[in-house]
There are 2 protein chains.
Amino acid sequence: MSSATILVVDDEPQIRKLLEISLEANGYKVLQAQSGKEGIMLAASHLPDLIILDLGLPDKNGHEVLRELRNWYNRPVLILSVIDHESDIVTALDEGAADYLTKPFRTAELMARIRSALRHNQSTETNTVINCGDLVIDLAARLVKKNGEIVKTTSTEFNLLALFVRNEGRALTHQYILKEVWGVGYQEETQYLRVFVGSLRKKIEDNPNKPKHLITESGVGYRFV
Amino acid sequence: MSSATILVVDDEPQIRKLLEISLEANGYKVLQAQSGKEGIMLAASHLPDLIILDLGLPDKNGHEVLRELRNWYNRPVLILSVIDHESDIVTALDEGAADYLTKPFRTAELMARIRSALRHNQSTETNTVINCGDLVIDLAARLVKKNGEIVKTTSTEFNLLALFVRNEGRALTHQYILKEVWGVGYQEETQYLRVFVGSLRKKIEDNPNKPKHLITESGVGYRFV
DNA sequence: ATCATTCTTTAGGATATCTTTATCTCCCTC
DNA sequence: GAGGGAGATAAAGATATCCTAAAGAATGAT
């Protein structure tokens, strides 16, 4: 056994403890976070092989955390939740969750589903470092380099850029981009996009007035090449 | 929609019917088998993108079927079962099942889990690329290539071209084109069409005066070949 | 509490695209 | 070969879209 690392994001201490014991008994290394924010930070810094995420967190909506993770974290995220609403399950799965279990869960089943998720992921080992000419983007490390030099980006800027590089060559509509980066309810805020595309261009383009990477598709959206 | 093919292996006719209706409503092609033996044969002959397998089959133990499939079939197998025993779930998952749902299942959740399994498998790439001689048009990426080189099109130009390639070989009337691209209320603006067909020809034809793709049907409209 | 950073909002000017007009070509009929 | 209709083209005008800078608001760190 390769002793994979698993991050548990849950605000209930007794659940964390239970999971810690069960997971370690099965030979996994365990990281713990009590809030969505802490979870995202730990995920970024330690890059666990799998994340167990409770949807009912105190600081953020679990779906938000999931979406934020999915921008750059492409390993399995397993959802735990007390909520057994079908719509919640459907939403989480469509947001990219690998599985969805309702509390109270059965430990052996959880372990089997973790094995399944990890096994499945092994085959699709995807590289998180993307190379685009003079640009290097590391989705996991949330790092952008231009000609070898690190480019500092804010969180939103990076999420936007990550969306672009994951859809290289494809024209993305304003609405789609806004939904993916800002979430539903922001789909009409086209101006946000203009401002952030502007600041991204200043950082990654040789000549921001003549962008070679971030092309605007007038009346449609933007395209990354 | 990519119209993936899904094989349903279940001995209960009413379950098969329910699944058939739900799956087809979601745009999947459906194959059906009543027994494990028939299921394996159909899987081998048709190579579906996903298999839904009931564990409680008359002729064979479902686990046997699963193990047999796993020898050569590496796409997702989703287990349906009336049995909610943890040991059964664990066994099935460790035998390589992609997921395990207990009957009675919820349709929307099942559909979401199917999407998740297919997405993970990625084998069913949506094909939106249309090839027309020297032209390549990617409807999803909004990209036009002529002899391998990218042709820049405005939004309306692309919409117009997309309408043409989707109706290749067919003569489209002015009215119809105007309604589809500009919307109702523009059906008399034939001059728009002339202008835009003109600019499209300049971009995609070798010799815009002797168009080979965008043929005018005098008194009627245009035809794309 | 204060400061720094990031995000949101506003406003103006710049650009691209669309619309309209005018002129020209082609083809058919007489 | 003159006239008319349908279509093509070019270019000017109108409009929608986009970009930039910068100020205000929110957030987070010290």
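A, B, ... follow the sequence lines: proteins, then strands. Residue 1 opens every chain. What you see is a predicted model; the values in this text were computed from it and never measured.
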Quiz item: Does C/dT17 have OP1 or OP2 sitting under 4.0 Å from an N or O in the side chain of B/Lys152?
Solution: yes
Exercise. Could you tell me whether B/Asp206 and B/Arg201 make a salt bridge, using a distance below 4.0 angstrom between a side-chain N and a carboxylate O?
Key: no
Quiz item: If only side-chain N and O atoms of A/Tyr192 are considered, is one of them under 4.0 Å from the OP1 or OP2 phosphate oxygen of C/dT9?
Solution: yes
Exercise. Name the residue closer to the 5' end of DNA chain C, choosing between A/Glu189 and A/Glu217 according to the nucleotide with the nearest heavy atom.
Key: A/Glu189
Quiz prompt | Non-hydrogen side-chain atoms of A/Val8 and A/Leu31 separated by less than 4.5 Å | solution = no
Quiz item: Quick one: do B/Lys203 and B/Glu157 make a salt bridge, cutoff under 4.0 Å?
Solution: yes
Quiz item: What is the 5' to 3' range of DNA chain D, first to last nucleotide, that sits under 4.0 Å from any heavy atom of chain B?
Solution: D/dA6 to D/dA10
Quiz item: Passes side-chain hydrogen bond (donor to acceptor under 3.5 Å, both in side chains), A/Arg67 versus A/Asn159? Steps please.
Solution: CA-CA 10 Å; A/Arg67 268 207 311 279; A/Asn159 291 342; over 6 Å; no
Quiz item: Taking only N and O in the side chain of A/Trp182, is any of them less than 4.0 Å away from OP1 or OP2 of C/dT8?
Solution: yes
Exercise. Take B/Gln191 and B/Phe196, find for each the nucleotide of DNA chain C with the closest heavy atom, and name the residue whose nucleotide sits nearer the 5' end.
Key: B/Phe196
Quiz item: Counting just side-chain N and O atoms, does B/Thr154 come under 4.0 Å of either OP1 or OP2 of C/dC18?
Solution: yes
Quiz item: With a non-hydrogen cut-off below 4.0 angstrom, is A/Thr156 in contact with a base, only sugar-phosphate, or nothing?
Solution: sugar-phosphate
